[in-house]
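A quick write-up on the structure given underneath.
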Amino acid sequence: MPRSLIPAILAMAAIVVASNILVQFLFGQWLTWGAFTYPLAFLVTDLTNRFRGAAAARRVVLAGFATGILCSLIGTQIQGEFGPLVTLRIALGSGLAFLVAQMLDVTVFDRMRHARGWWQAPLISTLVGSSLDTLIFFGTAFSTALVWLEPSNDVSWANETLPLLGAGPEAPLWLSLAVADWSVKLLLALVALLPFRIIVRRMTANVA
């Protein structure tokens, strides 16, 4: 592994570990604190892609994926109030969502790296990746359609019918959780443009 990727790999690993810890703590009714740290993984991926290329970005993603698998294995061994902190479905959903969404982010960014607007590649790649991430994770972890993945895991609580986000049409609880999570990712995708721009300018200036 090239030494130049070590900072990005460490940053990705730190984000994954922090998110796996903070997801245990609620923020309001629909979110956890992990929802605010996890989207930073897309910033790390995009910066690596910008300066080191798509192949390097994929290596960083794989390092984050390996870290996530390790966190999931540890979580399955920790007993919470209702059983293991990480169930098989959550582990599958988390790992699959991270890997697929991040790899898609890398591909989209790489294809748009020469777009006129500097913001187009990081914003669009992050929005596409984040949307897929939310869909894969919540669908895999909580949808009744996938109950066969782990028959012993009772996800009926996540499928309780409630007004969407407490005010919309009737929908399973997990859809409210997914919409809230997706909304935070969209917001942070916009916010992340600022550090992306600052870091790119400074790195470019140092090279020049």
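Positions are given from 1 along the sequence.
- In this structure a side-chain-to-backbone donor-acceptor pair under 3.5 Å is present from Arg89 to Ser143.
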Next item on the list: Could you check Val200 against Phe51 for side-chain contact (heavy atoms from CB on, under 4.5 Å), going step by step and ending with a plain yes or no?
Entry: CA-CA 8 Å; Val200 168; Phe51 291 110; 4.0 Å; yes
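- Between the Thr140 side chain and the Gly93 main chain, no donor and acceptor come within less than 3.5 Å of each other.
- To the nearest 0.5 Å, the span separating CG on Asp154 from OG1 on Thr87 amounts to 11.0 Å.
- Contact between Val155 and Ala141 at its shortest, heavy atoms only, is CG1-O, 3.8 Å.
- No continuous path of ILVMFWY side-chain contacts below 4.5 Å connects Ile136 to Ile69, so the two sit in separate hydrophobic clusters.
- For Ser94 (side chain) and Ala91 (main-chain N/O), no donor-acceptor pair under 3.5 Å exists by modelled atom type.
- Closest non-hydrogen pair, Gly64 versus Phe98, comes out as C-CE2, 3.6 Å.
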Next item on the list: Walk me through it: do Leu88 and Asn153 pass the test side-chain contact (heavy atoms from CB on, under 4.5 Å)?
Entry: CA-CA 8 Å; Leu88 174 61; Asn153 180 17; over 6 Å; no
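- Under the 4.5 Å side-chain heavy-atom criterion for ILVMFWY residues, no single connected hydrophobic cluster contains both Leu186 and Val128.
- The distance from atom CG of Asn20 to atom OG1 of Thr67, rounded to the nearest 0.5 Å, is 9.5 Å.
- Within the 3.5 Å criterion, the main-chain N or O of Val106 finds a donor-acceptor partner in the side chain of Asn49.
- Considering all non-hydrogen atoms of both residues, Leu164 and Ala171 come closest at CD1-CB, 4.2 Å.
- Connection of Val179 to Leu132 is not established within any shared hydrophobic cluster, with ILVMFWY side chains joined at heavy-atom distances below 4.5 Å, either directly or through further cluster members.
- In this structure, Trp157 has its ring center under 6.0 Å from that of Phe142.
- At distances below 3.5 Å, at least one donor-acceptor pair connects side-chain atoms of Ser125 with backbone N or O atoms of Pro122.
- Judged by distance alone, with hydrogens and angles left aside, the side-chain atoms of Arg52 form no donor-acceptor pair with the main-chain N or O of Ala57 at under 3.5 Å.
- Contact between Leu31 and Phe36 at its shortest, heavy atoms only, is CD1-CZ, 4.0 Å.
- Closest approach of Leu173 and Trp30 over heavy atoms only: CD1-CZ3, 3.5 Å.
- Rounding to the nearest 0.5 Å places CD1 of Ile124 at 11.5 Å from CG of Asp105.
- Trp182 and Ser131 share a side-chain donor-acceptor pair at under 3.5 Å.
- Residues Leu62 and Phe42 share a hydrophobic cluster, clusters being chains of Ile/Leu/Val/Met/Phe/Trp/Tyr side chains in contact below 4.5 Å.
- Enclosure of atom CZ in Arg197 by more than 12 non-hydrogen atoms of other residues, nucleotides or ligands within 6.0 angstrom is indicated.
- The heavy-atom pair separating Leu188 from Pro39 by the smallest distance is CD1-CG, 3.7 Å.
- The CG atom of Leu40 sits 11.0 Å away from the OG1 atom of Thr45 when rounded to the nearest 0.5 Å.
- A search for salt bridge (charged side-chain N to carboxylate O under 4.0 Å, His left out) contacts involving Arg113 returns Asp110, not counting sequence neighbours.
- For the atom pair CD1 of Ile15 and CG of Leu22, the computed distance is 11.5 Å after rounding to the nearest 0.5 Å.
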Check: What do the steps show when you test Arg59 against Ile9 for side-chain contact (heavy atoms from CB on, under 4.5 Å), and what is the final call?
Finding: CA-CA 8 Å; Arg59 291 182 180 181; Ile9 289 173; 5.9 Å; no
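- The shortest distance between side-chain heavy atoms of Glu160 and Pro172 does not fall below 4.5 Å.
- Proximity of Pro195 to Leu43: side-chain heavy atoms (C-beta onward) are separated by under 4.5 Å at one or more points.
- A continuous path of ILVMFWY side-chain contacts below 4.5 Å connects Leu47 to Phe109, so both sit in one hydrophobic cluster.
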Next item on the list: Could you walk me through whether Asp181 and Phe138 pass side-chain contact (heavy atoms from CB on, under 4.5 Å), step by step?
Entry: CA-CA 10 Å; Asp181 178 83; Phe138 284 94; 3.7 Å; yes
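- Here salt bridge (Lys or Arg N to Asp or Glu O under 4.0 Å) pairs that include residues 124-138, with residues two or more places apart or in two chains, are Asp133-Lys185.
- With rounding to the nearest 0.5 Å, the separation of CG in Leu104 from CG in Leu99 is 11.0 Å.
- Val16 places none of its side-chain heavy atoms less than 4.5 Å from the side chain of Phe65.
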